[in-house]
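Quick notes on the structure that follows.
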Amino acid sequence: VNINIPAGEIYGLVGSDGAGKTTTLRLLVGALRPESGQVKICGYSMDTQVEQARSQIGYLSQRFSLYEDLTVLENIRFFAEVRGLTASDWLPRSMEILEFVGLAQFKDRRAGMLSGGMKQKLGLASALVSRPRVLLLDEPTTGVDPVTRQDFWQLLVRLVSRTAKSSDQVAVIITTPYMDEAARCNRVGFMKQGSIIAEGTPTQLRARLNERILEVRGS
């Protein structure tokens, strides 16, 4: 796998289960150590500058991993203070993000009482509280309804657009098994058995199939 993702881009890693998408994200976040090669986040090496590299990352895992007995705001506060933000920093930032993701009116609701889509929005809010430069999203819309998927992608596109001309510009890597979501990315990499087998913009990838008919028969 060899990928280079600039700020302001949404890069989609697409592949079936077991293709290596989640493993790639775990390597990027430093949860796994590569046997060879290197990972650099915003110029920081994940081998020798782990804390500096991780400080640039916001991560949303495939499964809801926040504290269900804490409220929405308490969850965000926890992750903000773990990252070293003071109350004067995290509180206004948290309210701004909750407004952005549409959870401001639910800030005092326990996370365990949220719907699946609202939990994913809370996960996104927690990932954004420290103003990451790199956002890693591991199949964030799996298992949620179509309307919630649409809402989540609108948030993602707005986030990238909103930061496009600022110093907070974000690079997004999202893994997905859905082709309609892949079509929304700026660039897409198709994975199979741990390797990128095709890469390009959705338009470039579709152009490879122009005037071709594929027929599949099963026995």
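For the single chain, residues carry numbers from 1 onward in sequence order. Computed from a predicted model, the values in this text were never measured in an experiment.
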Worksheet item: Taking a hydrophobic cluster as the set of Ile, Leu, Val, Met, Phe, Trp and Tyr residues connected by side-chain heavy atoms closer than 4.5 Å, whether directly or through intermediates, do Val29 and Ile10 fall within one such cluster?
Response: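 No: no chain of side-chain contacts under 4.5 Å links Val29 to Ile10.
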Worksheet item: In terms of hydrophobic clusters joined by side-chain contacts under 4.5 Å, are Ile197 and Val188 together?
Response: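 Yes, same cluster.
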Worksheet entry | Residue pairs passing the ring pair (Phe, Tyr, Trp, His ring centres under 6.0 Å) test where at least one lies in residues 73-108, sequence neighbours excluded |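 Pairs touching residues 73-108 that pass the test: Tyr67-Phe78.
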Discussion item. According to salt bridge (charged side-chain N to carboxylate O under 4.0 Å, His left out), does anything in residues 202-211 pair up with another residue at least two apart or in another chain? List the pairs.
Written reply: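 Checked against salt bridge (charged side-chain N to carboxylate O under 4.0 Å, His left out) - neighbours excluded - no pair reaches residues 202-211.
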Practice prompt. Among residues two or more places apart or on two chains, list those pairs meeting salt bridge (charged side-chain N to carboxylate O under 4.0 Å, His left out) that have a residue in residues 23-44.
Written response: Arg33-Asp47
Worksheet entry | For Glu81, all residues meeting salt bridge (charged side-chain N to carboxylate O under 4.0 Å, His left out), sequence neighbours excluded |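 So Glu81 forms a salt bridge (charged side-chain N to carboxylate O under 4.0 Å, His left out) with Arg77.
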Partners passing side-chain hydrogen bond (donor to acceptor under 3.5 Å, both in side chains) against [X] (at least two apart in sequence or in another chain):
{"X": "Glu181", "result": "Thr141, Arg149, Trp153, Thr176"}
{"X": "Ser94", "result": "none"}
{"X": "Arg83", "result": "Ser130"}
{"X": "Arg184", "result": "Gln150"}

Discussion item. Once side-chain hydrogen bond (donor to acceptor under 3.5 Å, both in side chains) is applied, what residue pairs with a partner in residues 9-18 remain, sequence neighbours excluded?
Written reply: Glu9-Arg187, Tyr11-Glu199
Worksheet item: Under 6.0 Å from the CG atom of Asp69, do we count more than 12 heavy atoms belonging to anything else shown?
Response: yes
Acceptor/donor pairs from residues 115-126 side chains to any protein atom, 3.5 angstrom cut, sequence neighbours excluded:
residue: Ser115; atom: OG; partner: Met118; partner atom: N; Å: 3.3
residue: Lys119; atom: NZ; partner: Glu68; partner atom: OE2; Å: 3.4
residue: Gln120; atom: NE2; partner: Pro140; partner atom: O; Å: 2.4
residue: Ser126; atom: OG; partner: Leu122; partner atom: O; Å: 3.1

Discussion item. Would you say Ser88 and Thr86 are linked by a side-chain donor-acceptor pair, where the criterion is simply a distance under 3.5 Å?
Written reply: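 The answer is yes; a qualifying pair exists.
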Worksheet item: Between Thr71 and Asp108, does any side-chain donor sit less than 3.5 Å from a side-chain acceptor?
Response: no
Discussion item. Under 4.5 Å side-chain heavy-atom separation, chaining through any Ile, Leu, Val, Met, Phe, Trp or Tyr, what else clusters with Tyr178? Say none if it is isolated.
Written reply: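 Under the 4.5 Å side-chain rule, Tyr178 groups with nothing.
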Let me check something: any side-chain donor-acceptor pairs from residues 212-219 under 3.5 Å, sequence neighbours excluded? List them with distances.
residue: Glu215; atom: OE2; partner: Arg217; partner atom: NE; Å: 2.7
residue: Glu215; atom: OE2; partner: Arg217; partner atom: NH2; Å: 3.0

